[in-house]
Amino acid sequence: MSFTLPELPYAYDALQPYMSRETLEYHHDKHHAAYVNTGNNLLKGTEFEGKSVEEVVKGSYGKNQALFNNAGQHYNHLHFWHWMKPNGGGALPGKLEKKIVEDLGSVDKMKEDFIQAGVGQFGSGWAWLAVKDGKIQIMKTPNGENPLVHGAKPILGCDVWEHSYYIDYRNRRPDYLKAFLENLVNWAYVEEMFEAASR
Ligand SMILES: [Fe+2]
């Protein structure tokens with residue numbers, strides 16, 4: 001199996017004004033496409049050919065840095081498009097909210113810490129909600145890394161590479177993270193991943 005660039009699950013202008021058509025055109029059509037194409041070239045002839053994206057990510061970590069970078073970013077972006085939706089944000093599904101309150105204190109505290117993780121990630125990377133040892137926790141990772149390589153399962157990730165926000169927010173990464181949580185997150189998809197991670 002090789003990597004395939006998926007279509008966006010919504011129109012390019014569907015996330016405006018929080019994420020512009022221009023950002024999505026570059027981010028999806030150029031950046032994600034490049035991870036897919038470079039990843040496929042790097043996969044050729046390796047032991048990872050025919051493996052699932054998750055297996056390539058976990059297997060190449062610490063062994064084949066170039067392949068890992070592209071496979072990790074492919075995995076992250078596959079979900080990133082679904083972690084957002086038009087008219088996103090709003091109330092969390094009940095079961096997910098209960099678990100977040102239990103593990104992280106409150107929904108407001110989770111948002112505050114998630115934003116802090118994204119702001120505190122020096123340079124490019126991701127802010128996460130991930131399930132580890134049965135608990136939801138906040139994480140941050142550099143570059144293409146994700147919770148899978150730290151024994152955790154990601155349920156929400158926000159891309160804090162500049163390609164994700166610089167056109168719309170310039171250097172205001174905190175504003176981008178806030179808009180992501182308040183206006184873009186598809187909590188139903190987060191809950192779906194939470195359910196899958198809890199099985
Ligand atoms: Fe990205």
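Indexing begins at 1, ligand by ligand and atom by atom, following the structure's order. Treat the numbers as computed from the prediction; the structure is a model and nothing was measured.
Taking Lys109 as the reference, Asp113 meet the side chain to side chain donor-acceptor pair (under 3.5 Å) condition, with sequence neighbours excluded. Take Tyr35 and apply the side chain to side chain donor-acceptor pair (under 3.5 Å) test, not counting sequence neighbours, and it matches Gln73. Asn41 is linked by a side chain to side chain donor-acceptor pair (under 3.5 Å) to Lys44, counting only residues two or more places apart in sequence or in another chain.
Protein N/O/S atoms closer than 2.8 Å to the Fe ion (ligand 1), listed by chain and residue number, are His27 NE2, His77 NE2, Asp159 OD2, His163 NE2.
Between Glu102 and Lys135 there is no salt bridge, since no side-chain nitrogen of the basic residue lies less than 4.0 Å from a carboxylate oxygen of the acidic one.
Note: His31 and His27 have perpendicular aromatic rings, judged against thresholds of 30 and 60 degrees for the angle between ring planes.
In the model, Ser20 has a side-chain atom that pairs as donor or acceptor with a side-chain atom of Asp168 under 3.5 Å.
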